[in-house]
Amino acid sequence: MKNKDLSMSSPLDGLDQRKVRIEKLEKIKEAGNLPFAERYERTHYLHDASKLAIDTKDVRVAGRLMAIRKFGKLIFATLQDYSGSMQIALVGKEIPDEFKHFTKVVDIGDFIGCEGYIYTTQKGEITLKVTNWTFLSKTLLPLPEKHSGLKSVESCYRQRYLDLVMNKETMDRFKKRIKMCQVIRRYLEDADFVEIETPVIQNKASGAMATPFKTHHQSLDVDMFLRIAPETYLKRAIAGGFDRVYEFARCFRNEGMDPSHLQDFTLLEYYCAYWNYEDNMNFTEKLIKHVLEKVNGSYQLTYNDTNIDFGQEWKRISFSDLIKQDSGIDIDQHSTKESLVQAIKEKGITLEVDINSLGRGNLIDQLYKKVSRPSIINPTFVIKQPLDLSPLARMNDDNKLIVDRFQLVINGWEVINAYSELIDPLDQRQRLEDQNQAKEGGDTEAMEMDEDYLLCMEHGMPPISGWGMGIDRLIALLTNSENLRDVVLFPLMKQDH
RNA sequence: GCCCGAUUAGCUCAGUUGGCUAGAGCAACUGACUCUUAAUCAGUGGGUCGAAGGUUCGAAUCCUUCAUCGGGCACCA
């Protein structure tokens, strides 16, 4: 028997429901239909069809059957498409052959196309009365249970298509992500930014401090890296004459995974010629407030029982003032690492890292992450970071220990990192050399020397301010998602079985 | 990498102190039914209890190892 051959070819045989559905394929063919059709011409999406006037004729819709309610010679069913869902009705007396065929071959989950007219049921629901229907595609495996949907976190990640079909809140979450990206794109385009693309496979993983994924280029026979940030290429574009550029850049970091970190994530970066970091900060506040208004309809949101207010003028506070306020330590009074270590010890603050292996900059960063960052809830610009944490940022003209930089912190998360870009190639070379030294000294996060980028800089760059934002994090905040995987359609999973 | 928890039918879940043939709802199958929307009613089939070992007269249940997932720690945005 043909059916047996089909089921033999799959590891999924032995499932009764699947066998029955494969047998139905033959019945569909016998009736002159294809079990997997080529096309269907619709006149309406389901959402629009459900708003049509009573007695509208020749309405053609298509979708996936989500529920069937049979009453002998009457069937109600629910069709679902991307726009929404709608009830259809088949009456045995009116279309005897079509009706019988439906009862014999159709299962929940199948795709069908329906033609008919709009009427109202006795309970007042606008419904498509089917005058004829077409089989479009068979589903061999049953959909998850109709009331509870798909609940298992693992299944939702591995089989997101089922999660999307069954759980409306999942689909809504991704629709929101899409809308957010559209709103940002439009805002940037309206401000004369252009979207460009830069390489994902790179000789040097530069532009951030992170552990890269290594790969190998066969025909060139060299090791290469997946990008950890698009930064240096976007700045090359500015050097080449682009004035304002941006990229939704998928980036890859070979580091631990937890609810707020992904191995591959989307970093939106933009760069603007002739801006400094303060121009950038002003623009950022307007952009993010615009996103809140357009996507969430409010400047207030609740994330995991925490109320976050985007509506006020956002606080701006320097790194050193923040740390002074939260720990009593004035980092400006400690220009060496040793004196800072002493101060931290005196205050009785314990950092869960090996203090002695860190340089002054990283020590300050650890102090900040320990005493300050977790308590920042409402959007706050933290500005003027230590120089040695920011090898690509412009040195402050009045204080050589800090850079013209800001981070936007929301709910303890660093969502945006930005600065006045370093455009002095001699200073840049010195900074990268310092980084390289730190790397050789055991600092695995330190940046590498990047001669190709320095070559570009030596040919000249205008003043620039640039910016990077974790798209996944912002959308997680807007959708009240605790795990970043909840806002990624197909998150990376270890192979099962 | 370390610690804690989870894994039972296609899906959602019960399963007592280790003790009859591992249960329910939905889904499926057979039948009834012309207004339901979690339709209803009657009946039927469906399980390598994540995997492999072990303890025991007897294991879904106890022990060991492994796999996958979740949470936490560490690292990072």
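Everything numeric in this text was worked out from a predicted model, so none of it was measured. All chains are named by letter (A, B, ...) in the order of the sequence lines, taking the proteins before the strands, and each is independently numbered beginning at 1. All values below come from the heavy atoms of this structure, side chains included, with hydrogens, waters and symmetry mates left out.
Summarising the geometry, the separation between CE on M257(A) and P on U68(B) is reported as 12 Å, rounded to the nearest angstrom. To the nearest angstrom, P of U37(B) lies 16 Å from CD1 of I75(A). Computed from coordinates, the E125(A) CD to U37(B) P distance equals 11 Å when rounded to whole Å.
Under 4.0 Å is where a charged nitrogen must lie from a carboxylate oxygen, and between D450(A) and K204(A) no such pair does. For E26(A) and K29(A), the salt-bridge test passes: some basic side-chain N is under 4.0 Å from an acidic carboxylate O. Between K214(A) and D223(A) no salt bridge is recorded (no basic side-chain N to carboxylate O distance below 4.0 Å). Under the 4.0 Å criterion applied to side-chain N and carboxylate O atoms, E23(A) and K27(A) are not assigned as salt-bridge partners.
Comparing the P positions of A6(B) and U56(B) gives an interatomic distance of 26 Å, to the nearest angstrom. For A74(B) and A27(B), the C1' atoms lie 45 Å apart once the distance is rounded to whole Å. Separating the C1' atom of G46(B) from that of A22(B) is a span of 13 Å, rounded to the nearest Å. Distance check on atom P: G72(B) versus A59(B) gives 38 Å, rounded to whole Å. Between the P atoms of U8(B) and A52(B), the separation comes to 15 Å (whole Å). Rounded to whole Å, the C1' atom of A24(B) lies 34 Å from the corresponding atom of U65(B). One P atom belongs to C62(B), the other to C4(B), and the distance between them is 16 Å to the nearest Å. Taking the C1' atoms as reference points, A28(B) lies 12 Å from C11(B), given to the whole Å.
The nearest heavy atom of RNA chain B to Q263(A) and to T121(A) marks one nucleotide each, and the one closer to the 5' end goes with T121(A). Heavy-atom distances to RNA chain B give each of D472(A) and R158(A) a nearest nucleotide, and the one nearer the 5′ end belongs to R158(A).
Nearest nucleotide to the side chain of P259(A), out of C69(B), G72(B), U37(B): G72(B). Distance from the side chain of Y157(A) is smallest for G70(B) among the nucleotides G70(B), U37(B), U34(B).
Under the 6.0 Å distance and 45° angle rule, K129(A) does not count as a cation-pi partner of Y117(A).
Nucleic acid contact for S155(A): none, since no nucleic acid atom lies under 4.0 Å from a heavy atom of the residue. Among the protein residues, F265(A) comes within range of the nucleic acid bases, having at least one heavy atom under 4.0 Å from a base atom. No contact: F99(A) has no heavy atom under 4.0 Å from any strand. Using a 4.0 Å heavy-atom criterion, one finds that M209(A) contacts the sugar-phosphate atoms exclusively. Among the protein residues, G149(A) comes within range of the sugar-phosphate backbone only, with heavy atoms under 4.0 Å from sugar or phosphate atoms but none that close to a base. Residue contacts shown for N483(A) are limited to sugar-phosphate atoms, with no base heavy atom under 4.0 Å away. Within 4.0 Å (heavy atoms only), G256(A) reaches at least one base atom of the nucleic acid. If you check every strand for non-hydrogen atoms under 4.0 Å, M166(A) touches nothing. Heavy atoms of V91(A) sit under 4.0 angstrom from at least one base atom. Nucleic acid contact class of K129(A) (heavy atoms, under 4.0 Å, all strands): none.
Note on R18(A): every side-chain N or O is 4.0 Å or more away from OP1 and OP2 of G10(B). Contact between the side-chain N/O atoms of R485(A) and the OP1/OP2 oxygens of G70(B) is found at a separation under 4.0 Å.
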- Can you list the steps and then say if Q17(A) with L141(A) is a side chain to side chain contact (heavy atoms under 4.5 Å, CB included)? CA-CA 7 Å; Q17(A) 299 199 39; L141(A) 295 172; over 6 Å; no

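The aromatic rings of W413(A) and Y303(A) sit perpendicular to each other, their planes meeting at more than 60°, with 30° as the lower class boundary.
A side chain to side chain contact (heavy atoms under 4.5 Å, CB included) with Q80(A) holds for exactly one of M166(A), M66(A), M86(A); it is M66(A).
Within residues 406-415 of chain A, the residues approaching RNA chain B are E414(A), by heavy-atom distance under 4.0 Å.
Contact of D258(A) with C75(B) (side chain to base): a donor-acceptor pair of N or O atoms is detected under 3.5 Å.
Residues V291(A) and F310(A) fail the side-chain proximity criterion, which asks for heavy atoms closer than 4.5 Å.
Side-chain N/O atoms of R227(A) and T198(A) include a donor and acceptor closer than 3.5 Å.
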- With sugar-phosphate taken as primed atoms, P, OP1 and OP2 and all else as base, the protein-contact string of nucleotides 23-28 of chain B at under 4.0 Å (heavy atoms; B, S, -) is --BBBS

